[in-house]
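Within every chain, numbering begins at 1; the chains are lettered A, B, ... in the order of the sequence lines, protein sequences first and strands thereafter.
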Amino acid sequence: MSKEIVSRAADYSQWYNDLVIKGGLADYSAVRGCMVIKPYGFSLWEHMRDQLDRMFKETGHQNAYFPIFIPKSFLSREADHVEGFAKECAVVTHYRLKTDPAGGGLIVDPDARLEEELIVRPTSETIIWNTYKTWIQSYRDLPVLINQWANVVRWEMRTRLFLRTSEFLWQEGHTAHATSKEAMEETLRMLEIYAGFVEEFMAIPVIRGVKTPSERFAGAVETYCIETLMQDGKALQAGTSHFLGQNFAKAFDVKFLTRENALEYVWATSWGVSTRLVGALVMAHGDDDGLVIPPRIAPIQVVIVPVYRGEDQKTPIDQEVGQIILKLKAAGIRVKYDDSDHNRPGWKFAEYEMKGVPVRLTLGSRDLSSRVVEVVRRDTREKMSWPLEGLAAALEQLLGQIQENLFSKARTFLTDHITPADDMETLTAILDGKGGFVSAHWDGNPQTEEKIKELTKATIRCIPLEAGGGEGKCVLTGRPSARRVLFARAY
RNA sequence: CGGGGUGUAGCGUAGCCCGGUUAUCGCGCCAGCUUUGGGAGCUGGAGAUCGCAGGUUCGAAUCCUGCCGCCCCGACCA
């Protein structure tokens, strides 16, 4: 029992850390606030990334790459933007080190100060819009539909593996359009792509919504988001899509000539999801025995463990497994055969459960003689004995069932954790009790929002795009409200 | 940045109050044998400048001073 994990009930935060580290996703690094993403965790990210990339390209976007460094002056061009990011920027001030003349190691060469400091990008709107100025002259140049896969740095005071690290990986889409309507359509299109990806591939149900002004992206006119709910009842923002209006076009002077020969500012969007999604996955599906990874993005979908005494028993098993692997691969299933001899079967069972592999096959001599294989699904722990004939097709179906089961379980949890409240007492009681989202009326005033945050530590996660439940009175002030919004404590 | 905690082998730890042989134990690691259907057993072995610097002392993991790192709670945030 070398890899005990703390239960969710005992210590939820520790449980999360245990899953990330003992599940082999990531490790702490020598750099404060930065993590090492290990091969298994990176493979998971790659599957997420590849699928999103496909979806972006299907909707007409192309990938490009912009510099990691941003001249300091760029950041201050858009007033809200600089205010939002200034206090968490890493800054490059010098370009050379030298040996300390006073002896010992290296020092920053004081003669090598940069004329203008460079910011390590916390997001790329400014460097990209500075570039778009040279790309866009006519309505014929529009739309510009660019995505970038990159790392960014935000100097957070407190960090958590995957959920909030100083450096993280993400994608950021930056588009330019001729009209406000078109830009808004793009904003919502990408929100829908995120929602579809998170629900259909990660098996996590989302709530689509709009942020209140105080939660809006720095520099955006409107921020749309998908919100998810973790098992401890806290909300996690899983993705955002921003309608930037003409803010960045004005800040970087990006104009185009319309068909009617009029000079107008371009309309913009930006949208992103990050490695934080990995954290969402861990917390949405994991259990007290480890990770539970939805089949559609699992690095390993099926693991095969042999059971044998001695080499003479192993040879026929190897041969049979060879056949199985061929058939599974032909069916497009990602399969791993773990016949390593330094760990015994029991150890492997626990290990692959910890890693959240959706299906385990166990094949021993006695299975072989009756032409069956033991099949164990990770989500329900159900053990079955299946005939070797027709195995690939049956597994394909099982993987689909697991995917569906994970989603429906998470959806039930979400639905059960959206609770209406019409007064502060109820709102607080729900937050302190079962947690989750509280659907309540809000008068639209930022000060009311701030006050509720002070009182309850809950923020307005979003104004849901779906039905608002009709008119009512603000949960705090009693002033009239057109619709309900969702409050929650959040990551 | 404020409050609390902590630092001994890759990981988890005992020893510290009350200074004294070769720093304890478990996991992991290496070798060999036996094992293999839910985290194997036995035997042998490797692995630690006790966070760093200074001080007190015949003698410091242990006492004193200073510094540093990390973790948790808050403010900030995807």
Quick one: which of [options] gets closest to the side chain of [X]?
X	options	answer
A:K87	B:C76, B:G37, B:C72	B:C76
A:A350	B:C76, B:C72, B:G38	B:G38
A:Y28	B:A78, B:U36, B:C71	B:C71
A:V307	B:A78, B:G37, B:G38	B:G37
A:R164	B:C77, B:A40, B:G38	B:C77

Name the nucleic acid region contacted by [X], choosing base, sugar-phosphate or nothing; use a 4.0 angstrom heavy-atom cut-off, strictly under.
X	answer
A:S365	base
A:F168	base
A:K314	nothing
A:T165	base

Measure from CD on A:E382 to P on B:G38 and round the result to the nearest Å.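 Roughly 19 Å, once rounded to whole Å.
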Do [X] side-chain and [N] base share a donor-acceptor contact under 3.5 Å?
X	N	value
A:R360	B:G38	yes
A:D367	B:G37	yes
A:K348	B:G37	no

Whom does [N] pair with, Watson-Crick or G-U wobble, provided both distances fall under 3.5 Å?
N	value
B:G32	B:C42
B:G2	B:C73
B:C50	none
B:G12	B:C25

Contacts to RNA chain B from residues 222-239 of chain A, heavy-atom cutoff under 4.0 Å, which residues?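 Of all residues in residues 222-239 of chain A, the ones placing a heavy atom under 4.0 Å from RNA chain B are A:Q237.
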Is it the case that A:H61 and A:E186 place a side-chain donor and acceptor less than 3.5 Å from each other?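 Their side chains do contain a donor-acceptor pair, which is all the 3.5 Å distance test asks for.
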N-O pairing of A:D53 and A:R49 below 4.0 Å: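 Salt bridge between A:D53 and A:R49, a charged N being under 4.0 Å from a carboxylate O: no.
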Would you call A:E192-A:R208 a salt bridge at under 4.0 Å N-O?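 Salt bridge between A:E192 and A:R208, a charged N being under 4.0 Å from a carboxylate O: yes.
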